Structure formats: structure tokens, C-alpha cells
Amino acid sequence: MHYNFKEIEKKWQKHWLDTCAFRAQTDPTRKKYYLLEMFPYPSGKIHMGHVRNYTIGDVASRFKTLEGYNVMHPMGFDAFGQPAENAAIKNKTKPAVWTHKCIAEMEIELKKMGFSYDWQREFATCDDDYYKWNQWIFLKMFERGLAFKKASGVNWCPSCQTTLANEEVIDGGCWRCHTAVEQKNLDQWYLKITDYKERLLEDLGQLKHWPQRVLSMQNNWIGKSSGVDIYFRLKDSDKLISVFTTRVDTIFGATYIVLAPEHPLVQELIQGKPQEKEACEFIKKVSVQSKVVRAASDVKKEGVFTGSFAVNPVNNEEVPIWIADYVLMEYGTGAIMAVPTHDQRDFLFAREHKLPMRIVIKSKISVNLTNDLSQAYEGDGEQVNSGEFNGLANQEAKLKIAQWMEVQGMGKIQVHWRLRDWLISRQRYWGTPIPIIYCPACGIVPVAYQDLPVKLPADAPFTGEGGSPLGKVEEFVEVKCPKCKGNARRETDTMATFFDSSWYFLRFCSPEFNQAPFDKQEAKYWMVVDQYIGGIEHAILHLLYSRFFTKFFQDLKMIDFAEPFDRLLTQGMVLKDGEVMSKSKGNIVDPDSMIKDYGADALRLFILFAAPPETELEWDERGLEGAFKFLNRVWRIHENLKDQADQEIIKVLHRTIKKVSVDFSEFKFNTAIASLMELTNAIYQLGADKAVFLNLVIMLSPIVPHFSEELWQILGNKESIFKASWPKYNPELLVEKRVELVIQVNGKLRNKIEVSCGISDDQLKELVLKDDRVSLWLEGKSPKKFIIIPQKLVNIVV
RNA sequence: GGGCGGAUGGCGAAAUUGGCAGACGCGAUAGCCUUAGGAGCUAUUGGGGCAACCCUUGGAGGUUCAAAUCCUCUUCCGCCCACCA
């Protein structure tokens with residue numbers, strides 16, 4: 001018979017809820033621990049990814065509780081967003097109704113997993129007392145010029161009928177539906193995240209406990225690139241073309257320059273030239289090309305000559321000006337100097353169009369100085385053909401040339417960034433209304449703070465067909481101007497949902513606070529988040545925005561730290577047959593049916609045991625069965641306890657406590673479980689008393705809480721096991737008197753001997769030489785050298 | 001093209017950071033037990049060999065008394081960024 005997990009899990013889940021077992025109370029006398037998992041989008045059902053994410057967090061949270069920390073472990077819902085709108089259209093209901101139904105269903109599923117949340121802190125971002133503070137934050141940003149409206153070319157998804165942030169465009173397609181993104185000129189709200197670029201970059205250095213991978217992704221995304229803006233004068237006028245380069249050391253090898261087809265000077269340059277017609281056609285062709293096609297790396301670089309020339313300031317050489325599709329208006333200055341000998345793209349382009357090349361960096365390896373190259377040389381070397389800079393190492397020349405050019409007024413040392421301002425306007429219904437009023441007399445007027453929240457109307461005629469649905473709700477749109485009291489109209493766009501999730505971790509500190517987004521005092525106690533856990537897919541967007549908001553709050557003096565998350569763990573995906581579980585692949589394993597068959601505890605145990613948290617986890621139901629068997633094996637021990645444990649099992653216990661304590665703090669749950677299994681095996685061999693067994697149960701409790709609570713109670717404890725404390729090991733018990741040593745001859749394992757720990761090196765040498773197997777391998781030769789690693793090994797070198 | 005990770009039995013994975021490769025589990029094989037169940041218990045389980053032994057951490061070299069671990073080259077896989085100047 002197996003233990004009755006159904007009854008036990010139900011019983012303890014009810015008990016935890018009834019007693020508010022995981023209520024976090026602010027208590028300045030105690031050390032706090034804020035553990036947070038990325039809150040879910042309420043889709044209605046939890047999937048294995050959620051189960052894994054939240055199980056990892058739950059174990060950490062319960063472990064910290066047992067260690068004596070005052071733990072806060074909250075849960076909420078990232079409830080605004082487009083899927084709710086689509087589902088509402090499909091199911092002929094309202095997004096609010098659908099969302100709340102989904103939240104209710106998910107709460108039940110999360111509770112069935114036995115997660116230790118402080119449910120009293122729960123909120124959903126679609127609650128008006130949450131999104132009110134989105135609007136408040138927006139207004140604060142607006143006051144400081146950090147929220148601003150700009151007409152510009154924006155990414156537009158024709159399928160979702162909405163704009164997208166740069167971050168939401170993936171491979172030229174919409175992150176949600178993968179439709180090719182188009183460019184559209186619209187009046188949109190932006191957040192000036194670029195004002196924070198230096199701090200966002202620099203403070204990455206503070207994040208000592210973030211995965212390297214995430215840091216480098218953020219680093220790439222911010223994309224700081226240092227170089228020089230070089231001014232090329234036009235041959236026939238005084239106008240300048242500014243080009244950006246990170247390789248100013250190659251300036252003497254610039255044999256032509258290339259402009260993006262959209263560059264503002266292009267029309268002037270081609271006007272009246274013989275090439276005008278050809279150039280116009282080319283520009284037209286490129287302009288209709290989608291970004292995806294243009295960015296495809298296998299497409300041949302195309303371009304045309306403008307007919308005009310510019311002058312290279314360093315040597316007054318006339319160089320032809322070309323237009324090509326591989327130069328992008330969005331980056332740098334939209335113009336480049338081309339150095340075909342030292343840039344592969346320039347090289348291919350120059351070869352194609354028979355443009356001149358000149359080597360200016362001599363590679364140390366190759367002596368090739370002819371122009372008969374097979375590819376560009378992009379490495380380091382010595383300057384040649386570079387006037388007064390000849391002979392310098394190119395890295396040194398880079399600095400010297402840059403300084404010299406700045407002094408001469410030929411250019412300016414310049415930094416370009418990849419990071420763009422964050423577009424937050426969405427032409428959607430189910431989101432936070434942007435709290436702005438357009439007055440014919442006063443222009444753009446912010447909604448007054450006392451008028452917040454600008455409530456989202458309960459109903460709007462959204463069809464998914466485009467345009468802002470709020471624009472069709474007259475009683476929403478029509479409003480009096482807060483300044484002149486005249487007739488005015490509200491902004492009808494809503495905010496991108498990433499806005500909502502950029503500060504929710506602060507709201508959890510004081511979810512009911514009604515004076516500000518969060519209570520300073522509460523935030524002072526609970527923040528920063530000690531451990532944050534979530535998927536790698538949020539490595540850039542959500543984490544960058546959250547860091548930005550945190551710095552903004554710091555500037556408002558609402559908090560006194562710069563980074564919100566101390567430790568970050570990005571858990572790996574759950575795979576089935578080597579593939580991501582997805583509806584379209586039909587390989588979804590439903591957590592709920594696994595709970596029915598094996599119980600939540602077994603599911604939690606399996607998911608932690610099968611792989612370390614960061615790596616991908618291959619779903620294996622037989623493994624789950626194995627986890628279940630192990631629990632039954634532990635269960636049976638309590639019926640066969642001895643009155644007294646012998647010394648040997650106590651030693652094993654203390655070794656296990658040491659190992660498991662370390663593993664738990666390092667999130668190595670798989671090896672922690674392995675040690676607990678070893679302890680269990682040892683108990684089967686040696687027997688155990690109640691005290692030993694209870695220690696095992698406590699160590700298991702973060703992983704399998706219902707199971708452990710029940711055994712804890714059966715063995716006579718009145719209070720919850722989570723009121724107990726984590727066991728400590730006795731170091732004296734870990735000291736061994738005798739130890740097994742490995743004997744190697746020339747580094748090969750030849751024998752093992754047991755010796756007392758206090759043995760001296762000389763005694764050991766003697767003992768080893770007497771050993772039969774050793775003398776067999778020595779074949780009469782005398783040892784050259786002994787290498788002794790205390791308590792571990794002896795290696796005899798002959 | 002750039003960056004960051006990986007590659008260990010039939011499978012998921014360990015390896016105190018340079019010191020017994022394969023802990024723990026799954027699967028498999030054999031046996032035992034029984035109130036036949038979602039059982040349980042005991043052994044064996046990287047490969048070769050009767051054996052002593054030999055081989056084995058994607059591949060090839062190297063450093064070292066000693067390498068899964070460090071170095072060089074190389075192949076494959078994953079993720080991120082990307083005509084980024």
C-alpha cells in the first residue's frame with residue numbers, strides 16, 4: 001500500500017490556508033528574506049513550466065523559513081494583456097470576466113501544489129487599485145520629461161493591430177504572432193529609458209549573483225559602442241557627412257563612403273547626376289523591402305554610386321559616395337566610411353563594385369601587402385600607409401588618431417548606443433489607460449493625481465480589427481480639460497503590459513497601501529528581493545524595465561537602492577521528448593493529472609531531482625513514479641523505528657545535514673535529494689530511532705511539505721513542521737578516525753588501504769611500500785617520489 | 001558574423017573545483033517474499049577479457065606525479081544579439 005497522499009495533501013492545504021501559515025509580518029527585529037517568482041499571466045491552467053518555477057521557489061522559501069528567516073513569499077497575477085481580449089472575443093465574454101475566472105482557476109491549481117504563498121498579499125495588475133499606480137508612475141515620469149509623445153516610425157504588427165516596442169520585435173516579426181512587422185508613422189508615448197542607459201549598463205557590475213548569460217544579454221541589448229564620428233566634407237559644397245566608426249585606426253584605408261538609402265543628404269547628392277535615375281530606383285526598391293528581408297544575412301549587399309564625392313579629412317583624398325542597403329539609418333549616423341581591406345562587408349561590396357582597396361593594418365602573421373586579398377583582415381597589427389601614424393600598433397593608433405582628429409576638428413570621439421526609448425502606447429482595450437487629456441486650448445494635459453485612477457470602462461467595442469477600442473466609448477473619451485474646464489478628449493491608448501510588471505515586486509511589500517505605489521517603510525524592510533526566480537525569456541525585457549523603474553524610484557527618493565533583485569535564478573525549460581511542451585506539438589503533460597496520480601509532493605520531488613534548476617528538464621513519468629516510490633519507502637520507516645539509534649547512522653545523519661544544508665543554499669536540489677536518498681538507504685540498513693527519522697523528515701519538508709507535516713504530526717508533534725528549525729550538524733561527529741586511502745603507482749590506481757587519520761607521512765610511506773600489490777607494480781624499482789594528499793591518496797612515482 | 005553556454009553509461013545526472021569517473025535515480029537482469037500491488041526485499045548493471053588487467057567523460061594534441069576538470073586546435077548542439085559600422 002502507498003501512503004494516502006490524496007487525503008494528506010488536502011488536509012494540510014486546508015490547514016495552511018485556515019491558519020494563514022505563510023503570512024509575512026513586518027518585524028524589524030528579524031532578518032527578512034524576500035523570495036519572489038515571476039508572477040504568471042492568468043491563462044487558467046498552470047503548466048509544467050509554472051510547476052517547476054514555483055516549486056524551486058517554494059523549496060527555497062520553506063528552507064529559509066526553517067532557517068529562521070522572516071520570509072515573504074507572495075503571489076499575484078500579471079493580468080492585463082492581449083490574450084484576454086482575444087479569449088473574450090472568442091468566448092463572447094468580457095476580458096475582466098474571463099481574466100477573473102482564469103485567476104480563480106489558477107489559484108486552485110497553485111494551492112493544489114501546496115505552495116507557501118502569503119495569499120493576503122495577492123493582487124492582479126488589472127485591479128484598479130493596482131493600475132491606478134501605473135498611472136501615477138506615468139504622471140511622475142511625464143513631469144520629469146521621461147514620458148513623452150513622439151511621432152515616429154514605429155513597429156506595427158498588422159495582425160495584432162498594434163504597435164510594438166523594439167524589444168518585442170523578434171527576427172523582424174511580432175513576438176506574439178510572428179507576423180512580419182511593418183513600419184508606420186504614428187504619434188506614440190515613449191518612456192525615456194535611454195536617460196538611464198549609463199546606469200543600467202554600469203550597475204550590471206553590482207549584480208554579482210545574476211547568471212553571466214543574463215548580464216551579457218543585457219549588456220548586448222544596451223549596446224554601448226565607443227568610436228569616432230568623422231566629418232567628411234562634400235567635394236562640391238561645404239556640407240559635412242558624419243560617419244561613425246569603432247575602427248578609426250583604419251581611417252587611412254577608407255576608400256569610399258556609404259550612406260543608408262534613407263539618409264537625408266541622399267537626394268541632394270544624386271540630383272542632376274548621371275546616376276540619378278538608377279539611384280532613385282534603388283532607393284525606391286529598398287524602401288518597400290521589409291526589414292526582415294533586408295536584414296537577412298544571406299542576401300547580397302546591393303548599392304549604387306551617387307555620382308558625388310567626399311573628402312577624407314585625414315589625407316584630403318576624394319572618395320566616392322555610395323548608397324547601400326547594408327547601412328542602416330537607425331544606427332550610428334546612418335553613414336559609414338568603408339575600409340574594404342579591414343571589414344568583411346566592405347570587402348565583399350568593394351569587390352563586387354570594383355572599388356579601390358588599401359591595406360593600412362599589417363598583420364603580424366601575414367606579410368601580404370598587395371591588394372590581392374581573399375578577405376578582409378579584421379585583426380590587430382601595425383599601422384601602414386597611415387601617414388605619421390605608421391609603425392604604431394593599431395590599438396595604440398586608435399587612441400592617438402582619435403585625439404588628433406578631435407584636435408584638428410576632423411571628428412569627435414563619440415559613443416553610440418543600441419538601446420532605444422521604450423514605446424509604451426498600445427491600441428488595445430485590456431490595459432492601463434494612459435492618464436492624459438488632449439485639450440484643443442491647452443494641448444497635452446496630464447490627469448490630476450486626485451482624479452486617478454482613470455478607470456478602464458467595463459465595456460468597449462473591441463473586435464481585434466484595429467484602432468483603439470477606447471476611442472469608441474464616448475463617455476470615456478469626452479472629458480473636461482483639468483486646466484481650462486473646456487471640452488477635451490482622453491488619450492485612448494493603453495499601456496504596454498510590461499509597464500505593469502516593472503514594479504509589482506514593490507507593490508507586494510504593501511499591497512493595500514493607498515497613498516503611493518508602495519509604502520516606503522515597508523519597502524525599506526522587505527526590499528530588495530533576495531531571490532528572484534523565472535524564465536530566461538525575460539532576461540532582457542522584464543528585467544531591464546524593472547531595473548529602470550527601480551532607478552526611477554530611487555531618483556524620486558522613494559527607495560535607497562539601485563537594483564531590485566539581488567539573486568536571480570533562471571530555471572530551465574521542461575521538455576518532452578527533447579522538445580518544448582506546446583499545444584501545437586501536442587506534447588503537453590498536465591500537472592493536474594500528475595497530482596491526481598502521484599500527488600503534488602511526488603511531482604515536486606521528481607521535478608527537483610531530475611535535473612539542476614538551471615538546466616533543461618526532460619519529462620519522464622517513470623522518474624515521477626520513482627519519486628513516489630521513494631516517498632513510500634520513507635513513509636514505511638516510521639512504522640519500524642528503534643528505541644535507540646546506533647552511532648553509525650548518527651554519523652551518516654550528520655554528514656547528510658551538512659551536505660543538504662549547503663546544497664539547499666546553493667539551489668542544488670538534485671544532489672540534496674540524492675543525499676537524502678542515501679540517508680534513507682542507510683536507515684534501511686542500520687535502522688533509526690525517532691530523532692534520526694525526524695531530522696530526515698525536516699530536511700525533506702521543503703520539498704515534500706504535506707508528506708512531512710503528516711509524518712511530523714504522526715510522530716507526536718503538535719505544531720506545524722515549519723515552526724521547527726533546520727537541523728545543525730555536529731562537526732565532531734564528522735571526524736573520522738580511519739580513512740581509506742587510494743594508492744597510485746605512476747598516477748594509476750593500484751590499491752586502496754585503510755589507515756588511521758593521524759598517520760605520519762613516513763609511516764605511510766613505509767606501510768605503502770610493504771603493500772603486496774604495490775611491490776608487484778614497483779617490480780623492484782625504487783620510488784623516485786611520493787605524492788601524498790592527506791586523507792585522500794598516495795602516488796608513488798618510479 | 002559576434003557573445004555566452006554545453007557535449008560524461010541504455011536514459012536523467014554526480015564528481016569536495018586538478019586527486020578512486022559514473023554518487024543518486026530511472027531502465028534492465030536474476031533471485032526471494034506475499035494478505036498479487038500503483039507492491040516490497042536482496043543482488044548485479046560503462047565496455048572488453050576466463051583472468052591478471054586493459055579501454056572509457058564529442059575528437060586530436062599538450063601541461064602535470066595525476067586531467068571530465070587547465071591550455072591549443074577541432075567537430076557538433078543550444079541560447080542570445082546581429083548588415084551595429
Side-chain angles (χ1 to χ4, degrees), chain A residues 1-2 170-171 211-221 223 225 227-228 243-247 250 257-258 260 294-301 324-328 330-339 343-346 348-349 378 416-418 536-537 539-540 570 572-573 597-598 605-606 609-612 614-630 632-633 636 659 662 668 670-678 680-681 684 740-752 776 783-789 791-798:
Chain A
M1 266 305 283
H2 59 77
I170 292 153
D171 289 335
Q212 196 50 52
R213 206 150 73 99
V214 175
L215 293 176
S216 92
M217 279 160 75
Q218 293 232 341
N219 193 59
N220 282 342
W221 190 262
S225 146
V228 179
V243 306
F244 176 65
T245 181
T246 53
R247 287 295 305 272
T250 64
I257 68 178
V258 190
R294 201 170 147 187
S297 53
D298 48 350
V299 171
K300 201 167 81 185
K301 319 301 176 210
D325 57 0
Y326 75 97
V327 175
L328 305 175
E330 302 90 88
Y331 188 77
T333 59
I336 62 160
M337 65 172 197
V339 185
D343 180 286
Q344 187 62 15
R345 279 160 313 160
D346 295 344
L348 293 173
F349 191 82
E378 296 182 340
H416 284 273
W417 300 77
R418 217 189 73 95
I536 187 74
E537 66 273 21
I540 300 173
T570 49
M573 285 188 289
D597 290 351
Y598 302 96
L605 178 64
F606 164 69
F609 180 56
E614 300 85 352
T615 52
E616 291 178 336
L617 185 149
E618 176 66 30
W619 179 259
D620 178 7
E621 191 160 336
R622 286 179 309 200
L624 175 56
E625 230 172 282
F628 182 60
K629 278 185 192 172
F630 169 71
N632 283 304
R633 204 167 138 81
R636 284 193 301 270
K659 169 80 174 146
V662 171
K668 292 179 179 171
N670 55 333
T671 50
I673 292 166
S675 319
L676 292 168
M677 285 173 167
E678 283 179 87
T680 303
N681 291 344
Y684 265 78
E740 193 184 57
L741 283 192
V742 169
I743 305 180
Q744 297 181 335
V745 178
N746 284 337
K748 293 229 182 222
L749 172 72
R750 292 310 177 194
N751 205 0
K752 295 175 188 181
L776 196 71
K784 246 189 256 171
K785 201 170 160 189
F786 279 87
I787 288 155
I788 297 171
I789 309 294
Q791 320 285 302
K792 257 179 204 155
L793 126 172
V794 184
N795 188 10
I796 308 164
V797 188
V798 295

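None of these values were measured; they are calculated from a predicted model.
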> Taking syn as any angle within 90 degrees of 0 and anti as the rest, which one fits B/U45?
Replying inline: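 Base orientation: anti.
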
> Does B/G10 sit syn or anti, given that only angles within 90° of 0 count as syn?
Replying inline: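 Anti conformation here, the glycosidic angle of B/G10 being more than 90° from 0.
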
> Can you find a donor-acceptor N/O pair under 3.5 angstrom joining the side chain of A/K785 to the base of B/C65?
Replying inline: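 Checked by distance alone, the answer is no.
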
Considering only atom [atom1], compute the distance from [N] to [M] and round it to an integer number of Å.
N: B/C76; M: B/C26; atom1: C1'; value: 27 Å
N: B/A7; M: B/C55; atom1: P; value: 24 Å
N: B/U57; M: B/C70; atom1: C1'; value: 16 Å
N: B/C53; M: B/A39; atom1: C1'; value: 43 Å
N: B/A23; M: B/U8; atom1: C1'; value: 13 Å
N: B/A68; M: B/G6; atom1: C1'; value: 13 Å
N: B/G58; M: B/C54; atom1: C1'; value: 22 Å
N: B/G18; M: B/U63; atom1: C1'; value: 12 Å

Who are the side-chain contact (heavy atoms from CB on, under 4.5 Å) partners of [X], not counting sequence neighbours?
X: A/L793; value: A/V742, A/Q744, A/I789
X: A/K784; value: none
X: A/E740; value: A/K752
X: A/R345; value: A/K301, A/Y326, A/D343

How many Å lie between [atom1] on [X] and [atom2] on [N], as a whole number?
X: A/F628; N: B/G38; atom1: CZ; atom2: P; value: 10 Å
X: A/R247; N: B/A85; atom1: CZ; atom2: P; value: 11 Å
X: A/D343; N: B/A82; atom1: CG; atom2: C1'; value: 14 Å
X: A/K784; N: B/U64; atom1: NZ; atom2: P; value: 13 Å
X: A/I787; N: B/C20; atom1: CD1; atom2: P; value: 14 Å
X: A/D597; N: B/G38; atom1: CG; atom2: C1'; value: 9 Å
X: A/N632; N: B/G40; atom1: CG; atom2: P; value: 7 Å
X: A/R418; N: B/A82; atom1: CZ; atom2: C1'; value: 8 Å

> What is the ring orientation for A/W619 with A/F606, classed by angle as parallel under 30°, tilted 30 to 60°, or perpendicular over 60°?
Replying inline: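 Rings of A/W619 and A/F606: perpendicular, over 60°.
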
> With a 4.0 Å cut-off on heavy atoms, is A/F786 in touch with a base, just the backbone sugar-phosphate, or nothing at all?
Replying inline: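 No contact.
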
> When we call it a touch if two heavy atoms are under 4.0 Å apart, what does A/D346 touch: a base, just sugar-phosphate, or nothing?
Replying inline: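 No contact.
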
Out of [options], which nucleotide sits closest to the side chain of [X]?
X: A/Y684; options: B/C20, B/C24, B/C41; result: B/C41
X: A/K629; options: B/C84, B/G40, B/G25; result: B/G40
X: A/I540; options: B/C83, B/C81, B/G40; result: B/C81
X: A/N795; options: B/C80, B/C24, B/G19; result: B/G19
X: A/V797; options: B/G19, B/A85, B/C65; result: B/C65

> Where the side chain of A/Y684 meets the backbone of A/R633, is there a donor-acceptor pair that is under 3.5 Å apart?
Replying inline: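 The answer is yes, because a donor-acceptor pair under 3.5 Å joins these two groups.
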
>> Would the distance check show the side chain of A/E614 and the main-chain N or O of A/T570 forming a donor-acceptor pair, the cut-off being under 3.5 Å?
In response: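 Side chain of A/E614 to backbone of A/T570: no pair is present.
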
With sequence neighbours excluded, residues passing side-chain hydrogen bond (donor to acceptor under 3.5 Å, both in side chains) with [X]:
X: A/R622; answer: none
X: A/N795; answer: none
X: A/R750; answer: none
X: A/N746; answer: none

>> Could you spell out the base pairing of RNA chain B as a dot-bracket line? Use Watson-Crick and G-U wobble contacts where both distances are under 3.5 Å, [ ] for crossing pairs, | for partners on a different strand.
In response: (((((((..(((......[....)))((((((.......))))))(((....)))..(((((..]....))))))))))))....

> More 5' along RNA chain B: A/S225 or A/Y598, using each one's nearest nucleotide?
Replying inline: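 Looking at RNA chain B, the more 5' nearest nucleotide goes with A/Y598.
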
> Given that A/R633 and A/L793 both sit by RNA chain B, which one's nearest nucleotide is further toward the 5' end?
Replying inline: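 Comparing both residues, the 5'-ward one is A/L793.
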
> Can you name the residues that form a ring-ring contact (aromatic ring centres under 6.0 Å, His included) with A/F609, not counting sequence neighbours?
Replying inline: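 A/F609 satisfies ring-ring contact (aromatic ring centres under 6.0 Å, His included) with no residue once adjacent residues are dropped.
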
> Can you find a heavy atom in the side chain of A/T671 that is under 4.5 Å from one in the side chain of A/K659?
Replying inline: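 In contact.
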
> Reading nucleotides 1-17 of chain B 5' to 3', which nucleotides get B (base under 4.0 Å from a protein heavy atom), which S (sugar-phosphate only), which -?
Replying inline: ---S-------BSS-B-

> When every nucleotide of nucleotides 52-57 of chain B is labelled 5' to 3' by its protein contacts under 4.0 Å (heavy atoms), B for base, S for sugar-phosphate only, - for none, what sequence of letters results?
Replying inline: -SSS--

> Which heavy atom in A/A539 sits nearest to a heavy atom in A/Q218, and how many Å separate them?
Replying inline: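 Shortest heavy-atom contact: O-NE2, 2.9 Å.
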
